[in-house]
Protein chains: 2
Amino acid sequence: MSQTATILVIDDEPQIRKFLRISLVSQGYKVVEAATGGEGLSQAALTQPDLLVLDLGLPDMDGQQVLREFREWSRVPVLVLSVRASEIQKVEALDGGANDYVTKPFGIQEFLARVRALLRQAPQGETQPALISLGPLCIDLAYRRVTLDGVEVALTRKEYAVLAQLARYPGRVVTQQQLLKDIWGPTHAEDSHYLRIVVGHVRQKLGDDPTAPRFIVTEPGVGYRLVGDA
Amino acid sequence: MSQTATILVIDDEPQIRKFLRISLVSQGYKVVEAATGGEGLSQAALTQPDLLVLDLGLPDMDGQQVLREFREWSRVPVLVLSVRASEIQKVEALDGGANDYVTKPFGIQEFLARVRALLRQAPQGETQPALISLGPLCIDLAYRRVTLDGVEVALTRKEYAVLAQLARYPGRVVTQQQLLKDIWGPTHAEDSHYLRIVVGHVRQKLGDDPTAPRFIVTEPGVGYRLVGDA
DNA sequence: CCGGGGTATAAAGAATTCGTAAAAAATTGG
DNA sequence: CCAATTTTTTACGAATTCTTTATACCCCGG
C-alpha cells in the first residue's frame, strides 16, 4: 500500500535518526522520532504508528523493556536495530515481540526492503471500522456496499463517494467545501449546487426525507452529517 | 503458538534439510520437506503449511520464481535462506514477498527465534483458502485452474490473472486501477478498456451476463467484484 | 408583506463509461 | 521459422452518469 504509513523511530543517536528519517521520508513515509525510550512510548501511544523502528542501545531504559511495554498494548510490527550482534540478544528481542532484527551497520536498501516487508503484512485496516451501521442502513467501506434493510442499494460513484465521506465521520458535520474538494476536486469547491443534487439522489434511494431525516441531516450553511446513533 | 505448526522446508542440500528438520522437530513443529522448487510448490498446495522456509539456491528452478508462484495464492510467511549475502538479492527476495531473509551460515538459535517471530504474527492473518468456490464455479489459486460445473475452463494469462485477483477478495470491489497496476503494470493504470475486453472474455467463457451477473459484477466507475456469497 | 440566501427537486442536454466485435500486432510453443 | 494463440489496437452503439438549466420551497429579517 502506497498509503502514507507512519513510522516511529526510537534512537538516541541523532545522526542515525537523521539518516533513517531522510531515507524513509524519501520513500514517502511519514516519520516520527524519539530519542529516549520513555519519549518513544509516549509518541507511540500518541501517533499510532504503522511500524516501530527501535534501537536497543538507549540511554534511559533498556530497549528490551521498551519493547515489552510497547507489546503490552500494540501489535504493530517492530524492527529492532542494534550494534550488538550476539545471538542471545537477537533471540531475546525476537522472542520479546520484535518482528525483525537488523545489525548495524546495515545497507539502507536492505533496511528499506525489510520495512516494506513488515508494512506489507500488516494492513493498517485495523485503524477504523470499515462497517458503519445506522439502524437499517449499513455502509461497508471495505466492500463498497450499502444495504438498507439487508437489500443492496445501487449508488453511483459520486453518490457513494458522498455517503462514504459522511460515514467516515458518523455524527459529525462534514463541510460542503470539504466534500466538494474531496470528491469534485479543488476547482469545484464553490459549486455547492452539485452537492445538493447528489445528496438529493442519495436521500431518494435511501427513502430519506430532508425535513425529517433518518440518515442524512442538513446543517444549513455548513454541510451535512449522518445521524449519530450507533 | 504451541499448537503444532507445520513448516515446509524447501532445500536441495540433504544435510541442511536434516539439520533444520532436527532443530524444528525438537521444538515441536511438524516438518515437511522438499528438495526441488516444483516439489516444494506441490507440497505447499498439499500440506498447507503455516510457514515456508525456502533456500534460494535450488537446482531445478530459480528460488525467486518459486517465491513468486507461491505468493500467487498464499500469504503464509516465508523465510528465505541463502548463501549469497548480496544486498540486491535480499531486496529482491523481500520485495518478492519474503518476510525474512537469513544468510548462511546462521546460528540455529537465531533461526528458531525468527521462525517463532514469523509464526507469532501469522495466526490472525485470515487463513485465505487457495480454493474459492462460488456455486458451480471453482477457482484453484494453487493449481491455477478454473472449473465450471466440474469442467475445466481454459483461460489465457490475462484472463486468469484478472479472475484470480478478483477471487483473492471475494465479494469485495477491486478497483480498475488496482487490477491494471497489478496485471498490466503501473504504466497502464489508465487503460481501463483493456480490462473491459478481458472481463468480457472471461464472462463469455463462464457464460456470465453483465446485466444479470452470476459471478462477476461490475461496479460502474469503480471496478469489478465477484459475487459475495460464500 | 415582501425579498433574499440557502435549499430541494425535476428535467433537459452533454459527457463518460460500458460492452462487444473485429482487425492488427505481438507472443508463445513446437 | 512457422503456425496458433494471445494481446493490443481501433471502432461504435447503448446505457448510464454527470452537468447544466430551471423552478419551487422554506425560514428569517427588513
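Order of the sequence lines sets the chain letters (A, B, ...), proteins ahead of strands, with each chain counted from 1.
A salt bridge links A:Asp100 with B:Arg114: the closest approach of a Lys/Arg side-chain nitrogen to an acidic carboxylate oxygen falls below 4.0 angstrom. Between B:Lys30 and B:Asp50, no side-chain nitrogen of the basic residue sits less than 4.0 Å from a carboxylate oxygen of the acidic one, so the salt-bridge criterion is not met.
Residues B:Leu141 and B:Tyr160 form a side-chain contact, since some pair of their non-hydrogen atoms from C-beta on lies under 4.5 Å apart.
Around atom CZ of B:Phe106, more than 12 heavy atoms belonging to other residues, nucleotides or ligands sit under 6.0 Å away. Dense packing is recorded around NZ of B:Lys104, with more than 12 heavy atoms of other residues, nucleotides or ligands lying under 6.0 Å away.
One can place CG of B:Leu195 at 13 Å from P of D:dT7, the figure rounded to the nearest angstrom. Here the C1' atom of nucleotide D:dT17 and the CZ atom of A:Arg157 are 8 Å apart, to the nearest Å. Between the CD1 atom of B:Ile216 and the P atom of C:dG19 there is a distance of 10 Å, rounded to whole Å. The distance from atom CG of B:Leu180 to atom C1' of D:dT8 is 13 Å, rounded to the nearest whole Å. One can place CD1 of A:Ile183 at 14 Å from C1' of D:dC18, the figure rounded to the nearest angstrom.
Take B:Phe70 and apply the ring-ring contact (aromatic ring centres under 6.0 Å, His included) test, not counting sequence neighbours, and it matches B:Trp73. B:Arg68 meets the salt bridge (Lys or Arg N to Asp or Glu O under 4.0 Å) test with no other residue; sequence neighbours excluded.
For the helix from C:dG13-D:dC18 to C:dG30-D:dC1, the end axes, each set by the C1' atoms of five terminal pairs, are bent relative to each other by 30° (nearest 10°).
Of the two residues contacting DNA chain D, namely B:Leu155 and B:His188, the nearest-nucleotide position lying further toward the 5' end is that of B:Leu155. Nearest-nucleotide mapping onto DNA chain D: of A:Trp184 and B:Glu159, the residue sitting toward the 5' end is B:Glu159.
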If you restrict it to nitrogen or oxygen atoms, what contacts under 3.5 Å exist between nucleotides 24-30 of chain D and the protein, and what is each distance?
none

Check nucleotides 7-14 of chain C for protein N or O atoms closer than 3.5 Å to its own N or O atoms and list the pairs.
residue	atom	partner	partner atom	Å
C:dT7	OP1	A:Gln176	NE2	3.4
C:dT7	OP1	A:Gly221	N	2.6
C:dT7	OP2	A:Gln176	NE2	3.4
C:dT7	OP2	A:Arg196	NH2	2.8
C:dA8	OP1	A:Arg203	NH1	2.9
C:dA8	OP1	A:Thr218	OG1	2.8
C:dA8	OP2	A:Tyr224	OH	3.0

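Just one residue in the list A:Thr6, A:Thr4, A:Val115 forms a side chain to side chain contact (heavy atoms under 4.5 Å, CB included) with A:Tyr29, and that residue is A:Val115. Checked against A:Val173 for a side chain to side chain contact (heavy atoms under 4.5 Å, CB included), the options A:Leu166, A:Leu226, A:Val222 give a single hit: A:Val222.
At D:dT16, none of the side-chain N or O atoms of A:Thr156 fall inside 4.0 Å of OP1 or OP2 (strictly under the cut-off).
Each side-chain hydrogen bond (donor to acceptor under 3.5 Å, both in side chains) pair with one or both residues in residues 139-154 of chain B, not counting sequence neighbours, would appear here, but there are none.
A donor atom on one side chain and an acceptor atom on the other are found under 3.5 Å apart for A:Thr218 and A:Arg203.
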